[in-house]
Structure formats: C-alpha cells, structure tokens
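Input: a single structure, listed below in structure tokens.
As a basis for the values below, the full set of heavy atoms in this structure was taken, side chains included, without hydrogen atoms, waters or symmetry mates. Owing to the predicted nature of the structure, the values given are computational and were not obtained by experimental measurement. The chain is numbered in sequence order, starting from 1.
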Amino acid sequence: MNERMTFRKTGNNMKNFFLIIKEKYNALSTILKASIWFFACTFLQKGISVLTTPIFTRLMLPSEYGVVSTYLSVSDLMSILITLGLASSVYQKKVIQIEDSAERNRFTSSLQGLATTTAIISFIFYLFNHKWINSLIGLPSILILSVFPGVLSVTAFGFWSMLQRTEYRYVKLVQLTLATSLAKPIVGIIAILLWPQNKVYSRVLSLVLVEVISYTYLYIKCFWDGKCFYDKKYWKYALRFVLPLIPHYFFQRILLSSSQLMIKRMVGNYEAGIYSIGNSVGWVLTLLVTALDYTMAPWTYQKLKERKTVELGQFVTIPIALMAAFCLILISFAPEIVSVFAPSAYHDAIWVIPPIVMCTYFMLVYTFFIYFEYYYEQTSRIMLATAISGVLCAILNYVFIRIFGYLAAAYATLICYILYTFFHYLIYRNICFKEFGACIYNGKIICVISILLIALSLTITFFYNHLLIRIGIASVIVIGIILNYNAFMRLVKKD
C-alpha cells in the first residue's frame with residue numbers, strides 16, 4: 001500500500017514538473033521559442049553525426065576512414081568554388097533587410113539561380129580538366145563528381161533553412177533536420193554492410209544520396225515560390241558582395257582542412273585516418289559554435305540595425321566564457337573519449353585533440369567579430385585576413401609535419417587560428433571606433449579568458465596518465481559554472 005502511494009506521489013510530482021516546464025515554455029515569446037529550437041536543430045544535426053562516428057571507425061580501417069575524411073574536406077573546399085558560398089553571408093544579411101515575403105522569395109530564387117549557374121560552369125570545367133584535378137586532390141572521378149549534386153542540394157537547404165530562421169518558423173526545419181540527420185548514418189551503415197568490398201564508395205555515395213533525396217523538393221519549391229531564376233539587380237548585388245569573399249571562404253576551408261589533406265599527401269591514408277579521429281573529437285564543440293552562430297547572427301544583425309550595442313557587449317562574454325569551460329572539460333577527458341570513438345589503433349589521436357579543441361574556442365570568438373564585418377560590408381578586409389592566415393597555415397603545416405610529425409599539424413592550425421582571430425579583432429575594432437566611437441565587446445576579458453584556456457589546456461595534457469587529477473580539474477570547472485549560473489541567467493533575461 002505504501003509502495004503504491006509512493007509510486008503515485010512520484011508520478012504526480014513528475015507530471016507537475018512537466019506541466020511547469022510546459023507553462024514556462026508557452027509563456028516564452030515566439031522569437032525565444034524559435035531561437036531555442038534553432039539551437040537544438042543545429043545541435044541535433046551535428047550531434048548525430050558525431051555520435052555515430054564510433055560505429056564507422058569500427059566498420060572501416062583507419063586508411064578507409066582517412067579517405068572518407070579527405071573526401072569531406074575536399075567537398076567542403078569545393079563547395080565554395082561551386083556555389084560561391086551564396087547561402088551564407090550575403091543571403092543572411094540581405095534577407096533580413098527585405099520586409100516583403102514575396103520579394104524575399106524572389107531574392108532567394110534568384111540567388112539559387114546564380115548558385116545553379118556557377119555549379120554548372122564548375123561542372124563543365126571539371127569535365128575538361130578532370131585528370132590534373134584528380135591528380136592534385138588524390139581522389140577518383142566518381143568521388144569528385146558526387147560533390148556537385150551534394151553541394152547544390154545542400155545549398156538549397158541552406159537558403160530554405162535561413163529563410164525559416166528569419167521568419168521564426170521552426171517546426172518543419174526541426175522535422176527535416178532530424179529526419180536527414182538520422183538517415184545519413186543509417187543509410188551509410190546499410191550501404192557498407194551491403195557493399196563491404198568498397199566501404200569508401202558506400203559511405204560517400206550514401207551521404208550524397210540522402211542529401212539529394214531530402215533537399216531536391218526544397219530546390220524545386222524555391223523556384224516555384226520565387227518564380228525567378230535571374231534578377232540582374234540581385235545577381236549584381238550578390239556577386240559584388242561575395243566575390244571578394246571567395247578567397248576568404250577558400251582560405252577559411254584551408255584553415256580547417258589543410259592538415260588533413262597534407263597528411264594524406266605527405267604521410268599516408270593510415271595517419272590521415274588517425275589524425276581525422278582526433279580532428280573529429282576536437283571539433284565536436286563546433287556543434288555549439290554552429291548552433292550559436294545560426295541563433296545569434298540574425299539577433300546580432302538586428303541589434304546593429306537598431307544600434308542597441310550595449311546589449312551586444314553585455315551578452316557576448318557569456319558564450320565565450322562557457323565555451324572556454326566546455327573546451328577544458330573536453331580536453332580533460334580526451335583519452336577516454338577517443339577510446340569510445342575508436343579502437344586502440346587510433347590511440348595517438350589523443351594528442352591532436354587539445355589544440356583542435358582550442359581552435360573551436362577561437363572560432364567562436366572571431367565569429368562575433370565577423371558579424372560586424374559582414375554587416376558593414378568590409379569584405380575586402382575579411383578576405384585579406386583569411387588569405388594571410390590560410391597561406392600561413394599551409395606553410396606551417398608543411399614545416400611542422402616534416403620536422404615534428406603529422407600530429408604536430410594540429411598545433412600549426414592552432415597558431416593560425418589565434419592569428420586569424422587577432423586579425424579579425426583589428427578589423428572589428430576599426431569598425432567600432434568608426435561607427436560607435438568605442439569597442440562594443442570587452443577585449444581585456446576575452447584576452448584573459450583566452451590566455452587561461454591555453455595555459456590550462458597545455459597543463460592538462462601532462463596529466464593524461466592521471467585520470468583522478470583530470471577529474472578534479474573538470475569538477476572545479478563544473479562547480480564554477482554552477483556557482484555562476486544565476487549571474488548568467490540574469491544577464492540572459494535582461495537581454
């Protein structure tokens with residue numbers, strides 16, 4: 001009898017708890033609800049991919065996994081040349097400024113027409129030059145050809161998803177993102193099991209197949225709603241905005257991918273596979289960076305439009321401090337995470353994780369600076385900063401790999417990310433003094449957090465053989481977050 005009453009009481013408490021949560025959620029504004037779901041949506045999209053990595057590392061040899069990772073890097077690099085990155089910066093900025101929904105659809109449709117045109121031109125160029133391109137990249141034609149339909153379909157999704165975010169429509173976006181994110185690993189696993197004699201082709205072609213099937217409808221719908229393939233005004237505006245950014249996008253991909261590609265060429269697929277696992281774990285926090293970017297970009301542009309810069313300055317310190325804390329926690333448990341993600345053959349990947357994790361922190365920091373550069377259309381300065389960093393990254397990778405071995409490439413990448421962030425800080429600072437007479441963000445606090453992160457991260461690596469010490473360090477960080485939780489929430493609610 002007492003057990004039944006206890007069970008019933010527990011059930012009622014749980015029911016009341018969920019009712020309170022539901023009431024609080026319903027009381028939120030549409031904008032805040034949308035922001036929560038956009039964050040969750042992006043987190044799910046990247047998170048499912050990360051969580052399924054252990055399955056593929058056990059289905060594939062390090063050399064096979066290395067080729068797949070190289071393909072993904074090449075695909076990301078080629079996407080800039082194929083569609084000019086039209087679904088990101090230029091579209092994000094302009095679509096917010098267009099108030100009329102019909103005109104928004106026309107703008108979206110015309111930019112997709114431009115992306116389609118550049119993709120066709122790129123495809124024809126590849127057909128006539130495929131031999132030397134294949135030799136340069138080190139991948140066969142079938143893999144490079146698969147990049148084109150994949151990139152074009154993902155671009156269509158990029159236009160559609162940004163439009164949903166701008167208009168705060170999140171239900172369909174969450175549904176499609178979740179379905180596609182689940183389908184990619186499931187279809188990939190089935191393909192590998194059915195076609196085990198060539199696991200690389202199975203994995204790559206299954207990814208492209210899911211993307212094309214999932215996003216073709218959005219591609220067609222975009223033209224149907226906008227009823228415009230070519231608009232001289234919008235094409236001219238987009239090209240003028242984006243062409244100076246092509247080197248920026250390209251060298252930004254070099255920052256992300258040059259280590260992987262150069263290790264494959266200079267050392268081998270096996271080492272590239274090991275490095276790739278460390279890379280995958282190290283970049284796991286880009287889940288937060290990407291989710292925050294998609295959520296905060298429209299909000300930041302709106303604040304700059306309204307010139308409400310005080311709110312910007314107060315809020316940005318929170319995600320930067322939290323990101324540093326998450327980085328330290330991830331670095332603390334790198335050996336254990338690698339053992340979960342991959343078998344013992346990949347163990348050396350633990351040394352790649354600390355510098356790559358720190359790169360994700362600097363990625364978040366410079367993202368906040370770039371918002372100002374995009375909004376005030378300082379595209380030539382962006383291009384210059386990224387080009388210098390990209391070239392330097394390729395040079396340092398070459399030197400570090402030859403002298404210290406392939407694992408040192410991660411530290412070459414970190415050095416370049418620090419310099420890259422500093423370059424963008426200088427551009428942002430110049431814009432702030434010109435537009436507002438002072439910097440918006442607190443540079444001293446960001447600098448202190450960055451120095452502490454680097455020092456503590458390097459210290460933690462000396463204790464990779466002492467789990468209890470690393471648990472202690474992580475516990476102190478978690479306690480610090482909990483103690484400051486109320487202060488964080490007050491500032492969030494104030495904004």
Side-chain angles (χ1 to χ4, degrees), residues 45-46 49 56 60 64-88 111-161 180-181 183-185 187-188 191-192 195 198-216 218-219 242 245-247 249-262 264-265 269 272-273 276 279-280 283 390:
Q45 186 178 24
K46 302 289 184 181
S49 174
F56 290 104
M60 306 172 77
E64 293 169 328
Y65 194 84
V67 175
V68 173
S69 300
T70 301
Y71 164 81
L72 294 174
S73 297
V74 169
S75 175
D76 196 36
L77 205 58
M78 286 180 62
S79 66
I80 300 306
L81 303 176
I82 293 172
T83 62
L84 307 181
L86 289 166
S88 54
L111 255 63
Q112 184 167 277
L114 178 57
T116 303
T117 303
T118 58
I120 292 170
I121 294 170
S122 301
F123 180 74
I124 294 170
F125 178 82
Y126 172 73
L127 291 180
F128 283 100
N129 299 275
H130 66 279
K131 289 184 179 179
W132 72 264
I133 293 176
N134 291 359
S135 176
L136 176 68
I137 295 174
L139 292 176
S141 293
I142 187 170
L143 293 185
I144 298 178
L145 284 171
S146 68
V147 170
F148 290 91
V151 165
L152 197 55
S153 59
V154 169
T155 300
F157 174 74
F159 286 127
W160 178 79
S161 63
T180 307
S181 300
K184 285 181 179 180
V187 174
I192 289 173
W195 196 9
N198 205 320
K199 297 177 182 178
V200 172
Y201 287 173
S202 300
R203 178 61 179 140
V204 169
L205 296 179
S206 66
L207 282 172
V208 175
L209 180 66
V210 171
E211 289 171 348
V212 170
I213 292 174
S214 300
Y215 303 144
T216 296
L218 301 179
Y219 181 85
V242 83
L245 286 174
I246 296 302
Y249 291 139
F250 186 79
F251 285 110
Q252 195 174 49
R253 267 37 177 207
I254 292 292
L255 277 169
L256 284 167
S257 310
S258 63
S259 303
Q260 180 78 27
L261 297 175
M262 292 180 77
K264 179 185 183 299
R265 299 287 298 191
N269 285 327
S276 177
N279 225 19
S280 297
W283 287 115

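- Partners of Tyr201 under the ring pair (Phe, Tyr, Trp, His ring centres under 6.0 Å) rule, at least two apart in sequence or in another chain, do not exist in this structure.
- By the side-chain hydrogen bond (donor to acceptor under 3.5 Å, both in side chains) test, Ser122 pairs with no residue at all, sequence neighbours left out.
- Judged as a side chain to side chain contact (heavy atoms under 4.5 Å, CB included), and not counting sequence neighbours, the contacts of Ile80 are Ile246, Tyr249, Arg253.
- The side chain to side chain contact (heavy atoms under 4.5 Å, CB included) check on Ile120 picks up Thr116, Ile124, with sequence neighbours excluded.
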Q) Going through the checks in order, is the side-chain contact (heavy atoms from CB on, under 4.5 Å) test met by Val68 and Lys199? A) CA-CA 9 Å; Val68 173; Lys199 297 177 182 178; over 6 Å; no

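- Separation of atoms CD1 (Ile144) and CG (Leu139) is listed at 5.5 Å; rounding is to 0.5 Å.
- In terms of heavy atoms, Tyr71 sits closest to Ser146 at OH-OG, 3.4 Å.
- Side-chain atoms of Ser75 never come within 3.5 Å of backbone atoms of Val147 as a donor-acceptor pair (strictly under, hydrogens ignored).
- Taken to the nearest 0.5 Å, the CG atom of Leu209 stands 10.0 Å off from the CD atom of Glu211.
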Q: Might you work through the side-chain contact (heavy atoms from CB on, under 4.5 Å) test for Ile121 and Ile82, ending with a clear yes or no?
A: CA-CA 8 Å; Ile121 294 170; Ile82 293 172; over 6 Å; no

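- Taking 4.5 Å as the limit, every side-chain heavy atom of His130 sits out of range of all side-chain heavy atoms of Leu145.
- With hydrogens and angles ignored, the 3.5 Å screen pairs a side-chain donor or acceptor of Thr83 with a backbone N or O of Ser79.
- Legend: residues meeting side-chain hydrogen bond (donor to acceptor under 3.5 Å, both in side chains) with Tyr126, ordered by chain and number and at least two apart, are Asn134, Ser141.
- With sequence neighbours excluded, no residue forms a side-chain hydrogen bond (donor to acceptor under 3.5 Å, both in side chains) with Ser206.
- Taking the ring pair (Phe, Tyr, Trp, His ring centres under 6.0 Å) definition, one finds that Phe123 meets it with Phe148, sequence neighbours left out.
- Looking at every heavy atom in both residues, Phe125 comes nearest to Ile133 through CE2-CD1, 4.1 Å.
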Q.
As a quick check of understanding, evaluate side-chain contact (heavy atoms from CB on, under 4.5 Å) for Leu72 and Leu207, giving each step before the final call.
A. CA-CA 10 Å; Leu72 294 174; Leu207 282 172; 4.0 Å; yes

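- Applying the side chain to side chain contact (heavy atoms under 4.5 Å, CB included) rule to Val210 yields the partners Thr180, Ala183, Lys184, Val187, Ser214; only residues at least two apart in sequence or on another chain are considered.
- Under the 3.5 Å distance criterion, the side-chain polar atoms of Gln112 are left unmatched by any main-chain donor or acceptor of Phe159.
- Remark: Ser202 engages Ala191, Ile192, Trp195 in a side chain to side chain contact (heavy atoms under 4.5 Å, CB included) (not counting sequence neighbours).
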